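For reference, the structure is listed below as C-alpha cells.
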Amino acid sequence: MPGSSDIHHDIEEILIAEPVLRARVEELAHAIAEDYAAKDLLLVGILKGAILFMVDLARALELPLEMDFMAVSSYGNSTESSGVVRILKDLEHSITGKHVLVVEDIVDSGLTLRYLLENLERRHPASLRVCALLDKEKVQDKPLELAYIGFTIPDRFVVGYGLDYAQKYRNLPYIGVLKPSVYAED
Ligand code: IMP
Ligand code: MG
C-alpha cells in the first residue's frame, strides 16, 4: 500500500528539518523575551497556519504573556493572494494599549498581513509588530516590515509545521515541498 497511510509519502524534499525548526524557535523566543522584557506582551496567532509555531514559541517564551487568535481568509484562488481579506474569527479581547506581536506562518506577497496590520492598527495597540516563521524570497519589495523572521525560503509552495495544502499536511513536524504528483491529482 504505497503511501496512503504514510504522512511523509507525498513529500519530495524536506526544506527545514524538525531540530532546525526547534532551534530557531528557541532563538526567536530569546530575542522576543529580551525585547519585551518589561512589557505586557500579547501574542496574536493567525489561524490555522500559525498554530504549531505559536504554541512552540509561547512555550519557549519565559515571559508573562497573553494569547489570542484570529482567522482570516483571502478571497480568490488559493495560490495567489488578492490582498482582500475576510476576518473569519476576530480577537476575543481588546488590544488597545497592548504590545501586540502578530505570529504568522508564512509571508508570501505580504498582502494578507498588510490588510491585517491596517485593521489592528485602527484598534490603537501600544505597539504592533510581526513574527513570521517563514518569509518567501521574492524579487519585489514586501509592503510591510517583519520584526522577526524564522527562515527566508525560496519561492516554492511548502507544507508542514502548520502549513497546509488543501487543509492537509499541517501535522508534519518539518517544512517540506510536496511532490508535483500531489497537485496533479486535483
Ligand atoms: P500573502 O498574502 O501572499 O502573503 O499570503 C500569505 C498566506 O498565504 C499565508 O498566511 C498562508 O496561509 C498562504 N501561503 C502562502 N504561501 C504558502 C505556502 O507555501 N504554503 C502554504 N500556505 C501558503
Ligand atoms: Mg496564514
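Because the structure is predicted, anything quoted here is derived from the model rather than measured. Both backbone and side-chain heavy atoms feed into the values below; hydrogens, waters and symmetry mates do not. When a ligand or atom number is given, it counts from 1 through the structure's own listing order.
Ring pair Tyr148/Tyr36 is tilted by interplanar angle, where 30° to 60° counts as tilted.
Atoms of ligand 1 lying under 4.0 Å from any heavy atom of Leu163, numbered from 1 in the order shown and given with element: 20 (N), 21 (C), 22 (N). In the vicinity of Glu104, heavy-atom distances shorter than 4.0 Å reach the ligand 1 atoms 10 (O). The contact set between ligand 1 and Ser109, taken as ligand atoms under 4.0 Å from a residue heavy atom, comprises 1 (P), 2 (O), 3 (O), 4 (O).
Inter-residue side-chain proximity for Leu41 and Lys98 is flagged as unmet; no heavy-atom pair is nearer than 4.5 Å. Between Leu101 and Leu42, the closest side-chain pair of non-hydrogen atoms is not below 4.5 Å.
Checked for salt-bridge contact, Glu12 and Arg156 meet the test: a charged N lies under 4.0 Å from a carboxylate O. A salt bridge links Asp164 with Arg170: the distance from a Lys NZ or Arg NE/NH1/NH2 to an Asp or Glu carboxylate oxygen falls below 4.0 Å. Salt-bridge check for Glu26 with Arg22: failed, with every basic side-chain N at 4.0 Å or more from each acidic carboxylate O.
A side-chain N or O of Asp56 and one of Tyr161 form a donor-acceptor pair less than 3.5 Å apart.
Closest heavy-atom approach to atom 15 (C) of ligand 1 among the candidates Asp108, Val158, Leu178: Asp108. For the residues Leu47, Val85, Thr112, the heavy atom positioned nearest atom 2 (O) of ligand 1 is part of Thr112.
With a 4.0 Å heavy-atom cut-off, ligand 1 is reached by the backbone of Arg156 but not by any atom from C-beta on. Contacts with ligand 1 closer than 4.0 Å are made by backbone heavy atoms (N, CA, C, O) of Asp164 only, the side chain lying farther away.
Judged by the shortest distance from any of its heavy atoms, Leu134 lies outside the 4.0 Å radius around the atoms of ligand 1. Using a 4.0 Å cutoff on heavy atoms, Gly49 does not count as a contact of ligand 1. Within the structure, the closest approach of Leu113 to ligand 1 does not fall below 4.0 Å when heavy atoms are considered.
Residue-to-ligand polar distances keep Phe157 apart from ligand 1: every N/O pair is separated by 3.5 Å or more.
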